[in-house]
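All ligand and atom numbering here is 1-based and tracks the order in the structure. It should be emphasised that the depicted structure is a prediction, and the values quoted were computed from it without experimental measurement. The residues of the chain are indexed from 1 along the displayed sequence. Below, all heavy atoms of this structure are taken into account, side chains as well, without hydrogens, waters or symmetry copies.
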Amino acid sequence: MANAERTLVLIKPDALQRELAGEVLSRFEKKGLKIVALKLTNLDDSTLQEHYGHLADKPFFADLKSFMMQTPVIAMILEGLGAIDEVRKIVGATNPREADAGTIRADLSMNVPSNMVHASDSPENAEIEMKRFFKDDEVFTYVKLTDKYHFGEGV
Ligand code: UDP
Ligand code: MG
(Lines give C-alpha, C1' and ligand atoms only; values in the text may rest on other atoms or scores of the structure.)
(Ligands and ions follow the chains in the order given, each with its own letter.)
Protein backbone atom coordinates (compact mmCIF):
# COMPACT_ATOMS: atom_id res chain seq x y z
CA MET A 1 0.00 0.00 0.00
CA ALA A 2 1.29 3.43 -0.94
CA ASN A 3 0.99 4.94 2.54
CA ALA A 4 2.48 1.99 4.39
CA GLU A 5 5.95 1.33 5.77
CA ARG A 6 7.98 -1.87 5.69
CA THR A 7 10.26 -3.18 8.42
CA LEU A 8 12.62 -6.12 8.94
CA VAL A 9 11.92 -8.62 11.72
CA LEU A 10 13.95 -11.65 12.83
CA ILE A 11 12.47 -14.32 15.08
CA LYS A 12 15.52 -15.31 17.12
CA PRO A 13 16.80 -18.81 18.02
CA ASP A 14 15.29 -18.80 21.52
CA ALA A 15 11.81 -18.51 20.03
CA LEU A 16 12.47 -21.45 17.70
CA GLN A 17 14.03 -23.54 20.49
CA ARG A 18 11.07 -22.81 22.76
CA GLU A 19 8.49 -23.45 20.03
CA LEU A 20 7.15 -19.91 20.26
CA ALA A 21 7.79 -18.78 16.67
CA GLY A 22 4.12 -19.18 15.79
CA GLU A 23 3.05 -17.18 18.84
CA VAL A 24 5.38 -14.34 17.83
CA LEU A 25 4.21 -14.33 14.22
CA SER A 26 0.60 -14.47 15.37
CA ARG A 27 0.98 -11.28 17.42
CA PHE A 28 2.16 -9.39 14.34
CA GLU A 29 -0.60 -10.88 12.19
CA LYS A 30 -3.29 -9.99 14.72
CA LYS A 31 -2.17 -6.36 14.65
CA GLY A 32 -2.85 -6.33 10.92
CA LEU A 33 0.76 -6.25 9.73
CA LYS A 34 1.06 -7.84 6.28
CA ILE A 35 3.75 -10.48 5.72
CA VAL A 36 5.44 -9.45 2.46
CA ALA A 37 8.58 -11.62 2.80
CA LEU A 38 9.37 -14.65 4.96
CA LYS A 39 12.10 -17.29 5.15
CA LEU A 40 14.24 -19.44 7.42
CA THR A 41 17.91 -18.51 7.15
CA ASN A 42 21.23 -19.22 8.87
CA LEU A 43 23.21 -16.20 10.03
CA ASP A 44 26.97 -16.29 9.57
CA ASP A 45 29.65 -14.32 11.39
CA SER A 46 30.04 -11.63 8.72
CA THR A 47 26.28 -10.99 8.49
CA LEU A 48 26.10 -10.64 12.27
CA GLN A 49 29.16 -8.39 12.27
CA GLU A 50 27.22 -6.05 9.94
CA HIS A 51 23.83 -6.46 11.54
CA TYR A 52 25.04 -5.86 15.10
CA GLY A 53 28.01 -3.63 14.16
CA HIS A 54 26.87 -0.98 16.66
CA LEU A 55 27.57 -3.50 19.44
CA ALA A 56 30.95 -4.82 18.19
CA ASP A 57 32.89 -3.32 21.12
CA LYS A 58 30.52 -4.62 23.81
CA PRO A 59 31.65 -7.43 26.15
CA PHE A 60 28.57 -9.50 25.23
CA PHE A 61 29.15 -9.31 21.45
CA ALA A 62 30.68 -12.80 21.06
CA ASP A 63 27.86 -14.36 23.12
CA LEU A 64 25.27 -12.46 21.08
CA LYS A 65 26.74 -13.76 17.80
CA SER A 66 26.93 -17.37 18.95
CA PHE A 67 23.37 -17.15 20.32
CA MET A 68 22.13 -15.87 16.95
CA MET A 69 23.81 -18.85 15.22
CA GLN A 70 22.28 -21.58 17.47
CA THR A 71 19.49 -22.26 14.98
CA PRO A 72 18.32 -20.63 11.75
CA VAL A 73 16.26 -17.49 12.31
CA ILE A 74 12.94 -16.64 10.68
CA ALA A 75 13.45 -13.45 8.70
CA MET A 76 10.45 -11.45 7.53
CA ILE A 77 9.37 -8.12 6.20
CA LEU A 78 6.15 -6.73 7.66
CA GLU A 79 4.10 -3.96 6.08
CA GLY A 80 1.67 -1.61 7.78
CA LEU A 81 0.89 1.95 8.75
CA GLY A 82 3.81 3.22 10.83
CA ALA A 83 5.11 -0.37 10.77
CA ILE A 84 8.61 0.45 12.04
CA ASP A 85 7.42 2.06 15.28
CA GLU A 86 4.38 -0.21 15.67
CA VAL A 87 6.50 -3.35 15.47
CA ARG A 88 9.03 -1.95 17.99
CA LYS A 89 6.08 -1.20 20.31
CA ILE A 90 4.75 -4.75 20.03
CA VAL A 91 8.27 -6.17 20.57
CA GLY A 92 9.04 -4.07 23.67
CA ALA A 93 12.23 -2.84 25.33
CA THR A 94 15.55 -4.62 24.74
CA ASN A 95 15.74 -5.94 28.31
CA PRO A 96 12.64 -8.13 28.74
CA ARG A 97 12.47 -7.25 32.43
CA GLU A 98 12.15 -3.57 31.53
CA ALA A 99 9.66 -4.17 28.72
CA ASP A 100 6.00 -3.28 29.28
CA ALA A 101 3.60 -6.14 30.00
CA GLY A 102 1.75 -7.08 26.85
CA THR A 103 4.85 -6.86 24.67
CA ILE A 104 6.44 -9.97 23.17
CA ARG A 105 9.66 -9.56 25.15
CA ALA A 106 7.92 -8.93 28.50
CA ASP A 107 5.36 -11.69 28.07
CA LEU A 108 7.57 -14.42 26.64
CA SER A 109 11.17 -13.85 27.78
CA MET A 110 13.30 -12.76 30.73
CA ASN A 111 16.85 -12.14 29.60
CA VAL A 112 19.27 -10.94 26.94
CA PRO A 113 20.45 -11.92 24.41
CA SER A 114 17.48 -14.33 24.27
CA ASN A 115 14.72 -11.75 23.84
CA MET A 116 12.82 -13.44 21.01
CA VAL A 117 12.81 -10.84 18.25
CA HIS A 118 14.86 -8.31 16.30
CA ALA A 119 13.07 -5.36 14.68
CA SER A 120 14.45 -2.43 12.69
CA ASP A 121 14.60 0.76 14.74
CA SER A 122 14.43 3.53 12.07
CA PRO A 123 13.45 4.03 8.42
CA GLU A 124 17.15 4.18 7.46
CA ASN A 125 17.97 0.91 9.22
CA ALA A 126 14.81 -0.76 7.90
CA GLU A 127 15.98 -0.07 4.31
CA ILE A 128 19.48 -1.42 5.01
CA GLU A 129 18.22 -4.47 6.93
CA MET A 130 15.54 -5.45 4.37
CA LYS A 131 18.26 -5.47 1.69
CA ARG A 132 20.60 -7.41 4.00
CA PHE A 133 18.18 -10.32 4.26
CA PHE A 134 16.06 -10.29 1.09
CA LYS A 135 16.58 -10.04 -2.65
CA ASP A 136 14.02 -7.94 -4.55
CA ASP A 137 12.29 -11.02 -5.98
CA GLU A 138 11.76 -12.46 -2.48
CA VAL A 139 9.60 -9.49 -1.46
CA PHE A 140 5.93 -9.54 -2.47
CA THR A 141 3.15 -7.04 -3.04
CA TYR A 142 -0.39 -8.35 -2.83
CA VAL A 143 -3.91 -7.33 -1.89
CA LYS A 144 -5.68 -8.80 1.13
CA LEU A 145 -9.43 -8.61 1.72
CA THR A 146 -8.69 -6.95 5.07
CA ASP A 147 -6.56 -4.16 3.58
CA LYS A 148 -9.49 -1.73 3.81
CA TYR A 149 -9.56 -2.18 7.59
CA HIS A 150 -5.83 -1.89 8.13
CA PHE A 151 -4.85 0.64 5.47
CA GLY A 152 -8.07 2.36 4.47
CA GLU A 153 -9.85 5.43 5.74
CA GLY A 154 -11.93 3.33 8.14
CA VAL A 155 -14.83 1.30 6.90
N1 UDP B 1 21.94 -7.52 23.85
C2 UDP B 1 22.60 -8.25 24.84
N3 UDP B 1 23.01 -7.58 25.97
C4 UDP B 1 22.80 -6.25 26.16
C5 UDP B 1 22.15 -5.52 25.14
C6 UDP B 1 21.73 -6.19 24.00
O7 UDP B 1 22.80 -9.44 24.71
O8 UDP B 1 23.19 -5.71 27.22
C9 UDP B 1 21.46 -8.23 22.65
C10 UDP B 1 19.95 -8.42 22.65
O11 UDP B 1 19.65 -9.68 22.04
C12 UDP B 1 19.47 -7.28 21.78
C13 UDP B 1 20.60 -7.23 20.74
O14 UDP B 1 21.78 -7.45 21.50
O15 UDP B 1 18.20 -7.51 21.23
C16 UDP B 1 20.71 -5.92 19.97
O17 UDP B 1 20.82 -4.86 20.89
P18 UDP B 1 20.10 -3.46 20.63
O19 UDP B 1 20.65 -2.50 21.63
O20 UDP B 1 20.18 -3.11 19.19
O21 UDP B 1 18.59 -3.78 21.07
P22 UDP B 1 17.26 -4.06 20.21
O23 UDP B 1 17.28 -3.12 19.03
O24 UDP B 1 17.26 -5.51 19.81
O25 UDP B 1 16.13 -3.75 21.17
MG1 MG C 1 18.77 -2.72 17.70
Side-chain angles (χ1 to χ4, degrees), residues 1 3-136 138-140 150-151:
M1 305 297 283
N3 52 353
E5 273 181 359
R6 290 179 167 189
T7 189
L8 185 280
V9 168
L10 303 177
I11 301 184
K12 293 182 177 181
D14 54 325
L16 276 81
Q17 295 279 17
R18 297 173 56 213
E19 299 158 351
L20 290 170
E23 160 85 23
V24 171
L25 184 55
S26 177
R27 287 180 178 224
F28 295 128
E29 269 195 301
K30 284 176 189 159
K31 172 71 175 177
L33 290 150
K34 189 187 287 190
I35 302 162
V36 295
L38 183 77
K39 67 179 170 189
L40 204 59
T41 184
N42 275 317
L43 302 182
D44 59 21
D45 194 83
S46 74
T47 304
L48 284 163
Q49 205 73 34
E50 273 181 30
H51 188 65
Y52 284 136
H54 61 295
L55 301 171
D57 59 353
K58 301 287 187 197
F60 57 81
F61 189 55
D63 285 347
L64 171 60
K65 284 194 297 180
S66 67
F67 161 67
M68 292 296 290
M69 292 190 281
Q70 275 177 15
T71 67
V73 298
I74 297 174
M76 70 185 87
I77 296 176
L78 298 176
E79 182 181 280
L81 296 179
I84 297 164
D85 285 347
E86 290 306 311
V87 167
R88 292 283 297 190
K89 214 190 287 177
I90 292 167
V91 169
T94 306
N95 178 345
R97 298 192 304 288
E98 289 170 6
D100 290 335
T103 62
I104 291 169
R105 284 169 168 172
D107 291 356
L108 303 176
S109 63
M110 273 197 284
N111 210 353
V112 286
S114 44
N115 59 2
M116 309 293 286
V117 185
H118 165 83
S120 305
D121 62 6
S122 66
E124 299 71 30
N125 284 337
E127 283 305 315
I128 294 167
E129 292 177 359
M130 288 189 286
K131 288 195 167 56
R132 177 171 299 138
F133 290 95
F134 290 98
K135 302 191 191 87
D136 286 351
E138 294 177 313
V139 184
F140 295 81
H150 299 306
F151 298 96

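Closest of all the heavy-atom pairs between Leu48 and Lys65 is CD1-O, 3.6 Å. Residues Pro72 and Leu16 come closest through the heavy atom pair O-CD2, 3.6 Å.
In this structure Thr94 satisfies the side-chain contact (heavy atoms from CB on, under 4.5 Å) test together with Arg105, Val112, Asn115, sequence neighbours excluded. Here Lys89 pairs with Glu86 under the side-chain hydrogen bond (donor to acceptor under 3.5 Å, both in side chains) rule; sequence neighbours left out. A search for salt bridge (charged side-chain N to carboxylate O under 4.0 Å, His left out) contacts involving Glu138 returns Lys39, not counting sequence neighbours.
Considering OG of Ser120 and CD of Glu129, their distance stands at 3.5 Å, rounded to 0.5 Å.
Protein residues with any heavy atom under 4.0 Å from ligand 1: Lys12, Tyr52, His54, Leu55, Phe60, Leu64, Arg88, Thr94, Arg105, Val112, Pro113, Asn115.
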